Amino acid sequence: MQPLFDLHCDTLTRNSYPPHEGADNTLDNPAFQLSLSKVPAGTKWVQCFAIFVPDNLRGEDAVAFFDRYAASFHRQAEDRADRFAACRTPQDLEAALSAGKFAGILTVEGGAVLAGRLERVGTIHDAGVRMMTLTWNGPNEMASGHDTPNGFTSFGREAVAEMERLGVLVDVSHLNDRGFEELLGFAKKPFAASHSNARAVCGHRRNLPDEFIKEMVRRGGLIGLNYCNAFLSGDERGNLDDLRRHVDRFLELGAEKCLALGSDYDGAGMHEDLDSVEKSLGIGAYLTAHGIPAGTAEDICFNNAWRFFQTHMK
């Protein structure tokens, strides 16, 4: 069975907005696009679970939101310890998969979680966070998302350096073009775009232009394919054929060792081809049936992300 490594979902915090407010069990809720029970036992699966911090939360409100969901993630992992492991190190990932368990990595979407305080990079790292999307759509204390034009703040630059030092991987999905260009001037380590597609295929500004993709390839970065309709095709289609078109573009740009999956489950509208986690199991076979070499399909579905996290997660 095709192994999977998915760089982004919003499943953990899906109960913070309609229509699932108050749902206690977010990792294994059958109403969600992603739930543990939807993946067959024995599947080799690593999933990054983001704490999505909305743009309206700042300061202590953002801190409290993070604390609530970090505790929820670890509680739910303990409750399902027979089949799921919360992983902080490459060794944890290896142990989980060797034991036949699903592996989960805690991440953050939204640098507001730092509340403008550098020491909080260490705090979220201690809580298990191993990757952080720097912004959502708007501005925060670090930088600006794609809805706003600002670049990095001085705090944002310091925070990126601290993330690199501690091993919280930098994630540029949602970061605006100015921020991306500025990051190239001071980032010291490879970074990820956990859930972003190719702008040349679908012109949404959330997607990466060719020159950014080439730079991430040059730096050994990692890019996760997003299944959202709006970022695949710009309409309600967004099917497997559209996903393949993005794959083709990335491969044309030399990204065969940098491309991965970044579904955006429980955070986006998706075509029925892709709208539930078990359907990800068919992506590798679909790609090979449509001309992608089997080894490249395996790299996209698992190996590239596995290698990146083995190298840079700590």
Side-chain angles (χ1 to χ4, degrees), residues 5 7-8 46 48-53 59 62-63 66-67 69-70 73-74 86-94 103-136 139-145 150-176 178-196 212 215-224 258 260 262 304-314:
F5 197 130
L7 300 179
H8 184 83
V46 182
C48 294
F49 288 94
I51 298 176
F52 163 56
V53 184
V63 169
F66 171 83
D67 289 345
Y69 280 104
F73 176 75
H74 292 299
C87 298
R88 297 169 180 255
T89 66
Q91 294 75 24
D92 289 345
L93 291 174
E94 292 171 352
I105 301 171
L106 186 61
T107 69
V108 166
E109 183 172 29
V113 72
L114 301 181
R117 305 201 302 269
L118 195 62
E119 68 272 14
R120 281 198 50 77
V121 178
T123 301
I124 66 170
H125 183 270
D126 290 346
V129 172
R130 292 299 180 267
M131 181 166 65
M132 184 169 76
T133 316
L134 303 180
T135 70
W136 193 48
N140 61 34
E141 295 89 344
M142 291 187 69
S144 286
N150 302 328
F152 272 87
T153 66
S154 58
F155 169 75
R157 293 168 183 261
E158 291 180 301
V160 166
E162 185 70 353
M163 290 169 66
E164 292 181 331
R165 186 181 74 84
L166 292 176
V168 178
L169 302 173
V170 172
D171 177 7
V172 299
S173 287
H174 287 279
L175 187 66
N176 64 19
R178 175 180 172 183
F180 190 105
E181 290 169 348
E182 290 181 357
L183 181 68
L184 296 179
F186 63 87
K188 304 299 184 184
K189 295 184 177 181
F191 52 84
S194 66
H195 55 303
S196 295
F212 290 1
E215 187 63 31
M216 292 190 71
V217 169
R218 189 182 73 79
R219 292 171 178 243
L222 187 67
I223 303 167
C258 301
N304 289 338
W306 179 261
R307 183 178 60 253
F308 188 87
F309 275 75
Q310 288 287 312
T311 302
H312 301 293
M313 175 182 177
K314 63 181 181 178

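We use all heavy atoms of the structure for the numbers below, so side chains are in, but hydrogens, waters and symmetry mates are not. Only a predicted model underlies this, so the values are computations on that prediction, with no experimental measurement involved.
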Minimum heavy-atom distance between [X] and [Y], given as atom pair plus value:
X: V168; Y: V129; answer: CG2-O, 3.8 Å
X: A62; Y: A112; answer: CB-O, 3.4 Å
X: V172; Y: A193; answer: CG2-CB, 3.8 Å
X: A86; Y: F73; answer: CB-CE2, 3.6 Å
X: L222; Y: A260; answer: CD1-CB, 3.9 Å

Exam field: side chain [X] to backbone [Y], donor-acceptor pair closer than 3.5 Å:
X: E109; Y: I51; answer: no
X: R130; Y: L106; answer: no
X: N140; Y: A143; answer: yes
X: E182; Y: F152; answer: yes
X: K314; Y: R165; answer: yes
X: H125; Y: M163; answer: no

How long is the span from the [atom1] atom in [X] to the [atom2] atom in [Y], to the nearest 0.5 Å?
X: E158; Y: L118; atom1: CD; atom2: CG; value: 6.0 Å
X: L175; Y: F191; atom1: CG; atom2: CZ; value: 9.0 Å
X: N176; Y: N150; atom1: CG; atom2: CG; value: 7.5 Å

>> Centre-to-centre under 6.0 Å for Y69 and F52, is that the case here?
In response: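 Between Y69 and F52, the centre distance exceeds or equals 6.0 Å.
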> Where do E94 and W306 land on the side chain to side chain contact (heavy atoms under 4.5 Å, CB included) test, with the steps shown first?
Replying inline: CA-CA 10 Å; E94 292 171 352; W306 179 261; 3.7 Å; yes
>> Please enumerate all residues that pass side-chain hydrogen bond (donor to acceptor under 3.5 Å, both in side chains) together with R117, with sequence neighbours excluded.
In response: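 Here the qualifying residues are E60, E119.
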>> Do the side chains of E181 and R178 get close enough for a salt bridge, i.e. N-O under 4.0 angstrom?
In response: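 The answer is no: the pair does not qualify as a salt bridge.
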> Side-chain donor-acceptor pair under 3.5 Å between S194 and D171, yes or no?
Replying inline: yes
> Cut-off 3.5 Å, side chains only: do S173 and S196 have a donor facing an acceptor?
Replying inline: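 Their side chains do contain a donor-acceptor pair, which is all the 3.5 Å distance test asks for.
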>> Suppose we screen for ring pair (Phe, Tyr, Trp, His ring centres under 6.0 Å). Which residues come up paired with H8, at least two apart in sequence or across chains?
In response: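 For H8, the residues satisfying ring pair (Phe, Tyr, Trp, His ring centres under 6.0 Å) (neighbours in sequence not counted) are H195.
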>> Applying ring pair (Phe, Tyr, Trp, His ring centres under 6.0 Å), can you list everything that pairs with F309, at least two apart in sequence or on another chain?
In response: F5
>> Show, in sequence, the C-alpha distance, side-chain angles and deciding distance for M142 and T135, and conclude whether the side chain to side chain contact (heavy atoms under 4.5 Å, CB included) test is met.
In response: CA-CA 8 Å; M142 291 187 69; T135 70; 5.6 Å; no
So do the side chains of [X] and [Y] get within less than 4.5 Å of each other, counting heavy atoms only?
X: L169; Y: E164; result: no
X: T133; Y: V108; result: no
X: L93; Y: I105; result: yes
X: M216; Y: R219; result: no
X: T153; Y: E141; result: no
X: F66; Y: I124; result: yes
X: V113; Y: V63; result: no
X: M132; Y: L114; result: yes

